[in-house]
Protein chains: 2
Amino acid sequence: MGRVGLNQERLVQAGAELADEVGFDQVTVSALARRFGVTVASLYSHVRNSQDLRTGIALLALGELADRAADALAGRAGKDALTAFANAYRDYAHEHPGRWAAAQSRLDPPTAAGSAGVRHAQMMRAILRGYHLPEPDQTHAVRLLGSVFQGFVGLEMGGGFDHSPPAPPESWARVLDAVDALLRAWPTADAG
Amino acid sequence: MGRVGLNQERLVQAGAELADEVGFDQVTVSALARRFGVTVASLYSHVRNSQDLRTGIALLALGELADRAADALAGRAGKDALTAFANAYRDYAHEHPGRWAAAQSRLDPPTAAGSAGVRHAQMMRAILRGYHLPEPDQTHAVRLLGSVFQGFVGLEMGGGFDHSPPAPPESWARVLDAVDALLRAWPTADAG
DNA sequence: GTAATTTTCCTAAAGGTATTAGGCAAAGGC
DNA sequence: GCCTTTGCCTAATACCTTTAGGAAAATTAC
């Protein structure tokens, strides 16, 4: 009886792949065990529990997404950077729906602090450098960007834009135009 | 042995309450059966399956949220309407986190078409009437609004804004200012 | 190379969730 | 009161999660 050679990394990677195939909510310790041809109990030598496995997949996804976004950002500024970052975000979700869903998982504060999620915020700040917003408006804008990207992709992936024209890519492009315009003319706190 | 008098409505209502108490992901047929002091199997006379129950809770939440938003919108226009609607949205999420989570559920197209989700879009169109956007920009803007509201509240509820100042209510207010300003100066398709 | 130690996989067990089928008694209708 | 319908229960089945202990594979130490 030889050993399959499982380890946490392999399990997380396979879990991420499975998530994209069947949906993140279908990724279970049992499903993974079947995938490797071992018994369910064997996996507990490598992952503490089901939640640990799911967190691992979420962290992997956040890291991949951050890498993608960083690549897209390289050498770009202003609207070009904004668009490239946003597109990396949305493209990732479309290519890896299960991984993207995993990245939406709620993480406990210490895990979140050590995750690639922090890189996302940093990259958004880098994008905003091209728009010269002072604090605290820069943070407000980071949160707005995060909201728009997460929100749009979330609604789209959830089928919210399936019911009527225009096609989502068109709205996405226009929304990015709009956000760029907004950032270029960010209202002061006194504007009403 | 008298009957507890279960029916689908009671189950969905109790499920929604339980969702707010322990989180939507902890709402199970089993948990509900315990809540009513009956056996698990008894619930299947009233709900087809676990998914049916969860869909029911999602529809309830969407309806409550739409009612809240409609109330908030009554008699308001322009930025006032925008702010009131958005605040109804965020307040609901804060007061009913489990219900709100249920409302994020993906629904199949026929169910979605018959849900209160349609009312949400209609109300956003009503808000946008005050900003005079032509189609297809009005639809783009509806999707942007949905994205901002969903996205911001989702990130906030997920703890994404817990790590650093400013406090979320401040960002929320500024984001709404920004969105209002954007809608008042919505870029044409040639801008950029 | 051998022995000792560590690690990984398995079995067994237990607890929990989801669902179906059939039966019985409560509830409703006439 | 009688008949019919309905709601709850039991039993059964399938699946998921996790723990403990054992045996064998793999690694480490000499």
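- Across dG7(D), dA21(C), dT18(D), the shortest atom-to-atom separation from the side chain of Ala41(B) is found for dA21(C).
- Leu6(B) has its CG atom 17 Å from the P atom of dA26(C), to the nearest Å.
- Rounded to whole angstrom, the span from the CG atom of Asn7(A) across to the C1' atom of dA26(D) amounts to 15 Å.
- A sub-4.0 Å separation between OP1 or OP2 of dT7(C) and a side-chain N or O of His46(A) is absent.
- Going from atom CG of Asp52(B) over to atom P of dT19(C) covers 10 Å, rounded to whole Å.
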Checking Gln150(B) against Tyr89(B) for the side chain to side chain donor-acceptor pair (under 3.5 Å) test, could you report, in this order, the C-alpha distance in whole Å, the side-chain angles of both residues, the deciding distance, and whether it holds?
CA-CA 9 Å; Gln150(B) 289 276 69; Tyr89(B) 216 90; 3.2 Å; yes
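- Relative to the side chain of Val38(B), the nucleotides dA18(C), dC10(C), dC8(D) differ in distance, and dC8(D) lies closest.
- One finds a side-chain N or O of Arg34(A) lying less than 4.0 angstrom from the OP1 or OP2 phosphate oxygen of dC16(D).
- Here dT17(C) presents its C1' atom at 12 Å from CD of Gln26(B), a figure rounded to the nearest Å.
- Between Asp71(A) and Arg68(A), none of the side-chain N atoms (NZ, or NE/NH1/NH2) sits under 4.0 Å from a carboxylate O, so this pair counts as no salt bridge.
- If you take CG on Leu82(B) and CG on Asn87(B), they are separated by 9.0 Å, rounding to the nearest 0.5 Å.
- Between the side chain of Arg3(A) and the base of dA25(D), a donor-acceptor pair under 3.5 Å is found.
- Rounded to whole angstrom, the span from the CG atom of Asn49(B) across to the P atom of dT17(C) amounts to 17 Å.
- Of the candidates dT17(D), dA27(C), dC9(D), dC9(D) carries the atom nearest the Thr39(B) side chain, counting heavy atoms from C-beta on.
- Considering CH2 of Trp172(B) and OG1 of Thr83(B), their distance stands at 9.5 Å, rounded to 0.5 Å.
- In this structure, Phe85(B) and Phe149(B) have tilted ring planes: the angle between them lies in the 30° to 60° band.
- For Ser42(A), the listed nucleotide lying nearest its side chain is dC9(C); candidates were dC9(C), dT11(C), dT17(D).
- Closest approach to the Val29(B) side chain among dC8(D), dT19(C), dT17(D) is made by dT19(C) (side chain taken as heavy atoms from C-beta onward).
- The interatomic distance linking Gln8(B) (CD) with dC8(D) (P) rounds to 14 Å, in whole Å.
- Backbone-only contact: Ser50(B) has heavy atoms under 4.0 Å from sugar-phosphate atoms and none from a base.
- As a whole-Å value, the separation of Leu32(B) CG from dT19(C) P is 13 Å.
- For Ser30(B), no side-chain nitrogen or oxygen approaches OP1 or OP2 of dG16(C) to under 4.0 Å.
- Within 4.0 Å (heavy atoms only), Val4(B) reaches sugar-phosphate atoms of the nucleic acid but no base atom.
- The distance from atom OH of Tyr44(B) to atom C1' of dA14(D) is 12 Å, rounded to the nearest whole Å.
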